[in-house]
There are 2 protein chains.
Amino acid sequence: MWSKLTVNMKKLTVIKDKIDQDLAELGGRSLIAQYMIKRIPPQCDPLGSQNRVVICTGIFAGTKLTTAHRLSIGSKSPLTGGIKESNSGGNAAYQMANQGIKMIEVLDVPEESGLWILHIGADGNATLKDAAIYKGCNNYEFSESMKETYGDACAVISIGCAGERLYKNASIQITEFKSGHPSRAAARGGIAAVFGSKGLKAVVIEEPVKKFEVTYVDEDKFKKVCLQLNKVIAEGAKTDPFSIIGTAATTDISGASGILPVDNFSGKFFCDYEKVGAQAFLDKLKSGGGRNRIPCQPGCVVQCSNCYNDPNGNYITSGFEYETIALFGPNCHISDLDAIARMDRLCDDIGVDTMETANSIAVCMDAGKIEWGDIPAVMGLLNELKEGTEFGDLLGQGCEAVGLQLGCKRIPVVKHQSMAGYDPRNTKGTGITYATSPMGADHTAGLTMGRAFDDAGRTGQAYASNKLQVAMCFADSMMCLFAFAHTVPVLPLLGELMAALYGGTSEFTRVATIGVTTLLTERGYNQMAGMTAQDDRLPEFFYTDRSPATGSVFDINDLELEVLFDFG
Amino acid sequence: MWSKLTVNMKKLTVIKDKIDQDLAELGGRSLIAQYMIKRIPPQCDPLGSQNRVVICTGIFAGTKLTTAHRLSIGSKSPLTGGIKESNSGGNAAYQMANQGIKMIEVLDVPEESGLWILHIGADGNATLKDAAIYKGCNNYEFSESMKETYGDACAVISIGCAGERLYKNASIQITEFKSGHPSRAAARGGIAAVFGSKGLKAVVIEEPVKKFEVTYVDEDKFKKVCLQLNKVIAEGAKTDPFSIIGTAATTDISGASGILPVDNFSGKFFCDYEKVGAQAFLDKLKSGGGRNRIPCQPGCVVQCSNCYNDPNGNYITSGFEYETIALFGPNCHISDLDAIARMDRLCDDIGVDTMETANSIAVCMDAGKIEWGDIPAVMGLLNELKEGTEFGDLLGQGCEAVGLQLGCKRIPVVKHQSMAGYDPRNTKGTGITYATSPMGADHTAGLTMGRAFDDAGRTGQAYASNKLQVAMCFADSMMCLFAFAHTVPVLPLLGELMAALYGGTSEFTRVATIGVTTLLTERGYNQMAGMTAQDDRLPEFFYTDRSPATGSVFDINDLELEVLFDFG
């Protein structure tokens with residue numbers, strides 16, 4: 001039986017119990033939706049005593065399914081004011097599963113300010129340890145220190161100075177498998193600020209002496225189907241650009257098609273996109289002695305991660321992704337990959353979302369605060385964020401706050417969260433996802449780019465967005481999206497896997513229902529938090545200002561933005 | 001605790017037991033979907049031993065919620081070859097609830113041919129009674145005989161000669177509250193033929209001496225919310241044409257807009273539509289001493305039913321509906337309401353679906369078998385159906401079989417089931433419903449006509465269809481659609497009602513999830529039965545032949561027909 005840890009930050013207690021009955025067969029995003037709708041008041045102050053943090057594994061944690069150890073973190077978002085599930089790779093969900101812990105709920109706020117680490121020892125004992133000495137310690141130094149104390153295998157989920165300062169752009173960083181770099185992030189929505197408000201510096205999980213063993217209703221069947229699925233995914237990965245190159249493979253396609261954001265979502269074409277493209281990325285990796293095809297969690301067959309060094313072979317960053325390249329690169333009119341890698345490293349270190357932060361800086365450029373493409377000025381602003389200067393504190397409030405303060409006309413946000421590396425005028429389905437996802441402008445909620453829906457025009461894009469939004473809800477409950485993508489031809493196997501694990505029907509409907517129910521629940525939560533249909537819209541300039549690269553506007557009307565299953 | 005009756009037609013036994021755990025909180029269409037996916041093999045012969053019939057009440061049966069006593073009947077359809085839930089008003093679900101019976105499952109087929117009545121006595125005893133003497137007895141005579149034997153309050157669910165002969169257009173007739181006329185029908189999909197294949201002539205339910213009482217988790221809360229909902233519905237009914245006039249109110253709108261089918265879905269305009277319009281209908285009612293505003297089940301505040309007499313005041317038919325008027329009227333080029341009423345009566349008596357039958361006759365006219373608008377010829381064909389002549393047997397196979405046999409170019413069917421009284425070229429959302437509903441061309445699965453989606457063009461129609469298809473799935477699980485329509489501004493109350501009845505969450509998401517899960521399950525069933533995306537298409541002529549009335553074709557492409565949550 002899976003366990004649950006209840007951490008009360010007011011009482012400073014940790015209680016281990018069995019998992020709640022209503023959550024027992026859920027995991028990841030679906031678990032968080034059902035947890036939150038019942039246990040976190042939608043109207044609560046995100047940084048107050050009523051908000052909670054949930055940290056959990058996916059449905060298939062503890063099994064041999066490839067990428068089954070994605071980590072999900074949920075809370076009412078300080079950035080969007082709505083429901084938030086942010087997930088990440090790394091080794092933390094794997095060590096949670098080894099400990100037999102499916103979820104950790106963090107309640108209340110301390111009576112007096114302080115910092116604590118939730119430590120889960122090799123003996124399975126979970127305690128809150130005083131972490132006052134780590135105040136202001138950023139993620140690279142912190143995770144190094146934890147490894148020294150608890151060994152290389154320990155997993156660290158931590159916040160840097162940004163989370164401690166309750167920045168709305170603050171990210172939670174998770175250590176990567178083997179390297180131990182804190183380079184995987186539950187980045188979006190500022191949940192790190194909720195950690196900060198609770199005085200929770202980190203969760204550190206040692207590898208237990210005795211590993212938890214999953215109980216299956218039909219273990220033989222599970223192993224058989226799991227092997228079949230792993231083979232399909234491994235076969236798909238062989239020709240998958242995300243596996244061969246990494247997510248940086250996206251730059252060439254998005255750059256050539258006008259999807260790549262340029263100069264604060266101006267819709268312009270970026271002539272130098274190949275300078276930050278796949279080949280440049282691979283060349284840099286090679287010349288610096290870095291490498292790609294790194295698994296961020298044990299057992300991953302896609303292995304999209306990487307290790308990026310400077311030309312002298314000194315480590316800069318890892319998990320260096322397309323989103324960061326697009327938004328700190330062309331969207332800030334920058335085409336120097338090494339410089340972007342340093343920005344990525346600094347963001348991971350202080351614990352801020354690279355997307356929210358890069359967008360804030362692009363807005364600064366657009367408003368004339370700094371020059372387009374000025375790399376030292378960008379590093380200067382990131383250092384202000386690190387140091388907590390007055391302007392740094394503003395940057396920490398996210399792109400929208402910065403844009404409003406500076407009087408910028410183009411502020412690319414939905415539900416107060418800024419957009420990922422795709423201009424919605426040129427991938428309209430993704431724009432529909434940005435507009436309608438309960439998560440705010442989030443590409444992982446349903447990225448339609450690259451899907452063959454062009455012949456159906458905007459209608460097909462709406463369908464693609466809607467379908468993908470449901471699919472992502474169940475995918476985010478069980479595995480990494482990049483592995484999930486390869487399961488599409490054999491989706492019914494996911495139903496069989498659930499039946500072999502928990503019993504009950506093996507119909508795929510069971511899986512799809514998890515997706516639909518999750519999305520419905522998330523939308524319901526946001527409504528109760530006060531959001532309306534007007535929160536499901538893009539900023540006006542996408543409707544009115546043509547993309548110079550393609551001549552397109554975002555011409556999706558309000559009805560097309562409606563999602564099938566809203567009945568309110 | 002609700003009961004279940006298991007009727008085995010091979011063993012000729014009836015066993016009473018408590019309701020299955022997995023179905024306990026379901027009802028109507030949602031119960032049937034979950035029952036069928038687990039218990040009726042999708043590939044089975046609809047008329048063979050493996051098919052079953054499920055007869056059940058809605059989720060709120062036994063309560064005071066208005067229209068809570070809709071009756072659902074499910075089976076693998078002999079007409080469509082897929083899943084089928086057909087529901088009806090009348091007094092049968094009310095008497096089932098009084099008996100404490102939530103569902104009746106009918107298994108297997110008799111070893112030797114014969115006819116039986118499932119009789120549920122005032123003492124609650126359920127037995128199979130030999131009904132050989134009723135062979136060939138049609139519904140009006142049969143229900144009269146049952147009332148004489150078991151009293152006026154008894155409910156009768158019966159088949160006529162058409163069901164006995166296994167006609168695919170055969171309907172199951174249900175007695176109306178008070179009048180006792182067998183004029184309510186579970187009409188579509190030929191489930192009456194499954195009754196016939198099992199030798200089940202009828203289910204007769206007496207009013208029990210001691211009425212079953214529903215157990216509530218929170219009775220006071222239920223009563224409070226229920227009263228609130230009933231008031232909203234009653235208030236809405238005050239200005240509802242379905243209440244003031246009846247479904248015949250539709251004819252004027254559909255006639256004026258080209259939606260009314262004319263001359264076998266030719267798309268023409270019918271100049272005489274007012275002759276079969278609302279005013280003509282009311283005038284006829286008045287002159288014959290008939291009346292409208294009749295509740296078909298106890299406690300209904302909408303009261304859309306009617307009693308239709310001839311000019312001399314002699315009863316012809318009741319529950320005389322728009323669909324019958326449209327399809328036996330303008331679609332057969334007939335504008336004589338009295339004649340159409342006689343056709344309706346004959347269909348109810350022999351137990352055939354008026355829609356399937358009228359469409360078959362329109363196809364006969366189109367192919368030159370009889371003249372357009374020839375009323376005596378229509379009555380002649382209906383009598384052939386009644387007598388079981390060679391051509392009558394063909395008519396009994398439904399519109400598609402007749403059209404193929406006669407070489408008709410226009411055969412208005414989807415999944416082998418013919419269309420209701422709406423031309424899909426001029427109400428495209430309804431066309432999308434016809435195409436994609438798991439039920440075949442069924443207007444009750446999601447009729448978009450009259451909804452303000454015109455400004456969004458075809459895209460808005462697709463959304464309207466999809467939303468409504470989900471909404472109808474949960475509506476068909478708990479109440480009559482005409483009452484449900486008035487609950488739209490207060491939908492969250494349905495969640496509160498469920499929580500007060502069963503406990504658990506009161507979120508509306510719970511209700512919406514029932515809708516989505518049901519539709520997903522139904523689509524999954526049809527896929528396992530062998531249906532593909534090609535079964536989700538309209539006949540070609542709707543795409544190619546312009547409607548002369550409006551110039552429209554059905555220009556919805558295949559992607560727009562895709563329903564959100566198919567991932568196969």
Side-chain angles (χ1 to χ4, degrees), chain A residues 22 33-34 37-38 452-471 474-475 487-489 491-492 494-495 504-505 507-525 527-528 556-568, chain B residues 22 33-34 37-38 452-471 474-475 487-489 491-492 494-495 504-505 507-525 527-528 556-568:
Chain A
D22 62 322
Q34 294 310 318
I37 196 97
K38 291 185 195 154
F453 278 93
D454 289 346
D455 65 324
R458 62 193 210 183
T459 304
Q461 301 265 330
Y463 276 90
S465 167
N466 285 346
K467 272 191 175 185
L468 282 173
Q469 285 195 58
V470 172
F474 61 73
T487 68
V488 170
L491 280 179
L494 296 174
T505 179
E507 295 308 320
F508 177 70
T509 302
R510 176 176 185 171
V511 178
T513 298
I514 289 174
V516 173
T517 307
T518 300
L519 196 52
L520 279 169
T521 302
E522 291 174 346
R523 295 184 70 80
Y525 192 91
Q527 278 168 20
M528 288 188 285
I556 304 291
N557 67 34
D558 290 356
L559 272 164
E560 287 168 313
L561 286 177
E562 281 194 28
V563 176
L564 171 71
F565 27 70
D566 279 341
F567 301 94
Chain B
D22 63 322
Q34 295 310 319
I37 197 95
K38 292 185 195 156
F453 278 94
D454 289 347
D455 65 322
R458 62 192 209 184
T459 305
Q461 301 265 331
Y463 277 90
S465 167
N466 286 346
K467 271 193 177 186
L468 282 172
Q469 285 195 57
V470 172
F474 63 73
T487 68
V488 171
L491 281 179
L494 295 174
T505 180
E507 296 309 320
F508 178 70
T509 301
R510 177 176 184 171
V511 178
T513 299
I514 290 175
V516 173
T517 307
T518 300
L519 196 52
L520 279 170
T521 303
E522 291 174 346
R523 295 184 70 80
Y525 192 92
Q527 278 168 17
M528 288 189 283
I556 305 291
N557 68 34
D558 290 356
L559 272 166
E560 288 168 311
L561 286 177
E562 279 194 30
V563 175
L564 172 70
F565 27 73
D566 279 341
F567 301 95

**Prompt:** Is there side-chain contact between Met528(B) and Glu507(A), with heavy atoms separated by less than 4.5 Å?
**Reply:** yes
I'd like a table of donor-acceptor pairs (distance under 3.5 Å, sequence neighbours excluded) in which one partner is a side-chain atom from residues 512-520 of chain A, with atom names and distances.
from: Thr513(A); atom 1: OG1; to: Thr509(A); atom 2: O; distance (Å): 2.7
from: Thr517(A); atom 1: OG1; to: Thr513(A); atom 2: O; distance (Å): 2.7
from: Thr518(A); atom 1: OG1; to: Ile514(A); atom 2: O; distance (Å): 2.6

**Prompt:** Of all residues at least two apart in sequence or in a different chain, which pass the salt bridge (Lys or Arg N to Asp or Glu O under 4.0 Å) check with Asp558(A)?
**Reply:**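 Residues passing salt bridge (Lys or Arg N to Asp or Glu O under 4.0 Å) with Asp558(A): Arg537(A).
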**Item:** Distance (rounded to the nearest 0.5 Å) between Ile37(B) CD1 and Arg510(A) CZ
**Value:** 13.5 Å
**Asked** To the nearest 0.5 Å, how far apart are CG in Asn466(B) and OH in Tyr463(A)?
**Response**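 Asn466(B) atom CG to Tyr463(A) atom OH measures 4.0 Å (nearest 0.5 Å).
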